[in-house]
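A short write-up of the structure that comes next.
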Amino acid sequence: MKYKIMIVEDEVELAEIERDFLLAEQYDVLLCHDGNTAFGLFQQYQPDILLLDIMLPGIDGIEILRRVRTESSAIVIITSAKESEFDRILGLGLGADDYMTKPFSIKEMVARVKAQLRRSFYFNEKSSHTEHIIGFQNIKIDLKSRQIMNAEAEIFLTVKEYDILVFLLQHPNQVFTREQIFEHIWGTWEVGDLNTITVHVQKIREKLKDTESIVTVRGVGYRFNGAML
Ligand code: CA
């Protein structure tokens with residue numbers, strides 16, 4: 001499962017550079033260079049984010065945005081060389097999520113894409129496929145991107161810390177021994193040091209600043225206390 005980004009941009013070279021940077025960030029990317037095919041491709045591809053140029057051969061970006069908004073709440077980032085186009089879009093009440101004036105740096109574009117995805121996954125406001133987002137208390141976890149956020153910032157867990165947290169979270173109120181956790185995460189426990197689990201759980205608690213959600217069941221193991229969001 002990856003996030004899908006569709007780029008509608010008639011400057012082929014620019015579109016290809018954007019694509020390469022987004023592919024490097026592990027997104028799926030679809031390119032489209034003309035306005036006439038853009039909406040049909042959008043419907044087929046169902047991207048999470050649409051990067052949309054305004055001045056296009058064929059149907060222009062504003063009309064594409066209007067059609068997209070009749071049926072989708074996908075994140076739309078408008079790109080245009082003319083800032084006056086942004087006012088036109090606002091004037092029409094079409095509503096895009098972000099606007100970038102050309103020329104822009106590609107790194108800036110990638111940063112905006114990431115910021116939009118973080119925001120939409122934390123506030124759950126856009127995504128039509130929310131089954132990949134789980135959480136508890138003020139923590140939300142995006143199973144697609146393996147990102148963890150609280151209300152303020154992203155929280156960085158190691159691969160194994162993340163796997164243990166999600167495993168416990170997906171089995172709320174069920175007690176697991178350290179052997180069971182080890183076996184589930186590493187595939188076997190016989191060669192493992194069970195203290196590894198203890199250390200990982202401590203780290204998870206520290207990083208989440210939450211000592212209550214993962215409960216130590218003395219002499220048995222751990223359980224996740226409470227319900228997922
Ligand atoms: Ca253009």
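The analysis underlying the following values was restricted to heavy atoms, covering all of them including side chains, and did not include hydrogens, waters or symmetry mates. Note that the structure is predicted; figures quoted are calculated from it, not measured. Every number for a ligand or one of its atoms is a count from 1 in the order of the listing.
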Practice prompt. Evaluate the side-chain proximity of Glu9 to Leu31: yes if any heavy-atom separation is below 4.5 Å, no if none is.
Written response: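 A side-chain contact under 4.5 Å is absent here.
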Item to complete: To the nearest 10 degrees, could you say what angle the Ca ion (ligand 1) makes with O of Met55 and OD1 of Asp10?
Response: 90°
Worksheet entry | Flag, side chain of Gln46 to backbone of Gln43, donor-acceptor distance under 3.5 Å |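 Checking the backbone N and O of Gln43 against the side chain of Gln46, a donor-acceptor pair under 3.5 Å is found.
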Worksheet item: Got a sec: is Ser80 within less than 3.0 Å of the Ca ion (ligand 1) via an N/O/S atom?
Response: no
Worksheet item: What atom name does the N, O or S atom of Asp53 nearest to the Ca ion (ligand 1) carry?
Response: OD2
Worksheet item: Do the two ring centres, one from Phe167 and one from Phe176, sit under 6.0 Å apart?
Response: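 So the answer is yes for these two rings.
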Worksheet item: Is the shortest distance from a Lys or Arg side-chain nitrogen in Asp53 or Lys82 to a carboxylate oxygen in the other one below 4.0 Å?
Response: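 So Asp53 does not pair with Lys82 through a salt bridge.
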